[in-house]
Amino acid sequence: MNNTPTNTHSDDHRDDHRELRETSDDRDNRRVFAWGASAAVLIFLGALAYFYAVDKRGEAPSPPPAAQSQSAPQPAKQ
């Protein structure tokens, strides 16, 4: 009778931890990607809102220019 174990309990336990760690790493990577993408979208929307506000501020109605009568240059007298 050969009682040499081909796969011990500690090996199974180590493999379970390795699989759990990979799953946890994948979950962390997805979480970091989601936060990064959310931050990028918020920054982009904030920049759009800022430029829209700056553009609107420049488009405020200005008073009409004063009527200026421009006369033709006088010929030089000799």
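Along the sequence shown, residues carry numbers from 1. Just so you know, these numbers come straight off a predicted model, no measurement behind them.
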Item to complete: Not counting sequence neighbours, list each pair that qualifies as a salt bridge (charged side-chain N to carboxylate O under 4.0 Å, His left out) and has a residue in residues 45-54.
Response: none
Worksheet item: salt bridge (charged side-chain N to carboxylate O under 4.0 Å, His left out): which pairs involve residues 32-53, sequence neighbours left out?
Response: none
Fill in: Residues that Arg31 engages under salt bridge (charged side-chain N to carboxylate O under 4.0 Å, His left out), provided they are two or more places apart
Asp28
